[in-house]
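In what follows, a single structure is set out as structure tokens and then discussed.
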Number of protein chains: 2
Amino acid sequence: MTASRTARERVRAELTKEITDIARRQLATEGAGGLSLRAVAREMGMVSSAIYRYFPSRDDLLTALIIDSYNALGEAVERAEAAVPRDDHLARWLAACGAVRDWGVAHPHEYALIYGSPVPGYQAPQDTVTARVRDVAVLGRIMSEAWQAGALRPAEEEAPPELEQEVVNFRPLMPGVPDNVIWRVITGWTGLYGWVSFEVFGQFNNTIEDRGTAFGHTMRLAAGTIGLTR
Amino acid sequence: MTASRTARERVRAELTKEITDIARRQLATEGAGGLSLRAVAREMGMVSSAIYRYFPSRDDLLTALIIDSYNALGEAVERAEAAVPRDDHLARWLAACGAVRDWGVAHPHEYALIYGSPVPGYQAPQDTVTARVRDVAVLGRIMSEAWQAGALRPAEEEAPPELEQEVVNFRPLMPGVPDNVIWRVITGWTGLYGWVSFEVFGQFNNTIEDRGTAFGHTMRLAAGTIGLTR
DNA sequence: TGCTCGTCAAGAGCAGTGCTCTCGTTTTTT
DNA sequence: AAAAAACGAGAGCACTGCTCTTGACGAGCA
């Protein structure tokens, strides 16, 4: 009986996947604003209302794409970082940062979907939270291990005590490390995405041309300032 | 004859201003995606096609709003920075950063318009370039004067020579200062907007609650790492 | 003063969107 | 075999940006 039920559910899963695939391709070429349920349906040879059997609204389709994008980015970061020798914490950090940039430049519309302006209302945060922290988890792990290895420069400034509560959501990612390390991760994390967002969203147009080299220098600079040394 | 022509042009200018005002209000409440020419026309008691006498397309209206937003943000930054004693470079820097954050939090949709995902096609970059650099000009001026006053910590790392060409567009804003200062400005600049974008776009939801205090700490940390000391 | 000519608002209309509802058909469940 | 659920198709609603045409008004020239 599972087989018979699976018969229907299998074609359902296949169609669902086909919808998201076509939608992802449209998203990559047209951008989030140009994603059209009717166009997806047209390309599938379906009628537009049939799509609603699989995604109750356009936002739900977008949410699925958002989760996919988070996972794709997170996987790229994890893979790039895993290819670096464990004891070279600076190189691991730079590899992770470079992976974020490379992925963002290669998939600007997907990047805009997850790090740009929130599209319409809000996306469900609960569904995405597991996929969303993969990148910062990598960054946190690098800094944790650097700290445990004694490879981290001592903190120049301690966080004020009233901020102890604020990093509570980061502690599970970096168990045992002092708060000042967490704050340095946050600083590097936000700085990384500040650069990548500027680059992907065109803020460097006609301003910085060789962005790859400039990015590398800036990240090396920033890594040094949060305590990662060669 | 100028008077009679001005009579016509004056009402034209007034209507243009009324359109942008209503559009800005719609933008503030609905977001860029919800800005509708027809709704603007409806609120003015006009018919939708009449709007096209004043703005040839929706994107042109958006471009006008973009320039307005750049100027509003730039002015907020300039004003906040001007209120701080000249010789306290760190306080000036933090005031400028705080102004960016305050403005972004207070006007999230306008902020998204200029620092979020680029909306549809592209906006005209030439018209906006003068308004667009007001914030970074302030940041650059602070660091320049700090350097000239000898209040800047010496650089830890020099930029590689192949990057000399990349900062050519920043030199007019910071005449006479060495490249490493410019790179530190760029690092602080991108880091600042990285934080603000994360905060405005909801990346800190359910993660960091007292964002004002956390922002202050992070900016103080980052200011220290680019050489601004108390 | 009278006559053009450019500017303007209005209206109809086109193509497109997200989404809803209904109606047969097919598949699964009972 | 009968009841229930899932499904695709189609029509339709309200909305969008945008174009084209029509008619009125006012400014400049003869």
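Lettering follows sequence order; numbering is per chain, from 1.
When rounded to the nearest whole Å, the span between CZ of B:Phe55 and C1' of C:dA9 equals 17 Å. For B:Asp59 and D:dT16, the CG to P distance is 16 Å, given to the nearest whole Å. At whole-Å resolution of the value, CG in B:Leu37 and C1' in D:dT19 are 14 Å apart. Spacing between atom CZ of B:Arg58 and atom C1' of C:dA15 amounts to 17 Å, rounded to whole angstrom units. Taking atom CD1 on B:Ile19 and atom C1' on C:dC8, their separation rounds to 12 Å, with Å as the unit. Atom P of nucleotide D:dC15 and atom CD of B:Glu30 are separated by 13 Å, given to the nearest angstrom. Atom pair B:Met44:CE and C:dA9:C1' shows a separation of 11 Å (rounding to whole Å applied).
Between A:Ile114 and A:Arg132 the shortest side-chain heavy-atom distance does not fall below 4.5 Å. With contacts defined as side-chain heavy-atom distances shorter than 4.5 Å, the pair A:Ser69/A:Trp103 qualifies. In this structure, A:Phe170 and A:Trp189 have side chains that are in contact, with non-hydrogen atoms separated by less than 4.5 Å. With a 4.5 Å cut-off on side-chain heavy atoms, A:Tyr115 and B:Ser197 do not count as touching.
Recorded end-axis angle for the helix from C:dT1-D:dA30 to C:dT30-D:dA1 stands at 10°, based on five pairs per end and rounded to 10 degrees.
Taking the charged nitrogens against the carboxylate oxygens, A:Asp21 and A:Arg25 have no contact shorter than 4.0 Å, which rules out a salt bridge. Under 4.0 Å is where a charged nitrogen must lie from a carboxylate oxygen, and between A:Glu14 and A:Arg10 no such pair does. Checked for salt-bridge contact, A:Arg211 and A:Glu199 miss the test: no charged N lies under 4.0 Å from a carboxylate O.
Residues satisfying the salt bridge (Lys or Arg N to Asp or Glu O under 4.0 Å) test with B:Glu78, not counting sequence neighbours, are B:Arg134.
Within the structure, every side-chain polar atom (N or O) of B:Arg42 is placed at least 4.0 Å from both OP1 and OP2 of D:dC15.
Side-chain atoms of A:Asp135 and A:Tyr193 form a donor-acceptor pair, as typed in the model, at a separation below 3.5 Å.
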Which letter, B, S or -, goes with each nucleotide of nucleotides 3-12 of chain D from 5' to 3', with contact meaning a protein heavy atom under 4.0 Å?
---BBBBB-B
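A:Leu61 comes within 4.0 angstrom of no nucleic acid atom, judged by non-hydrogen atoms across all strands.
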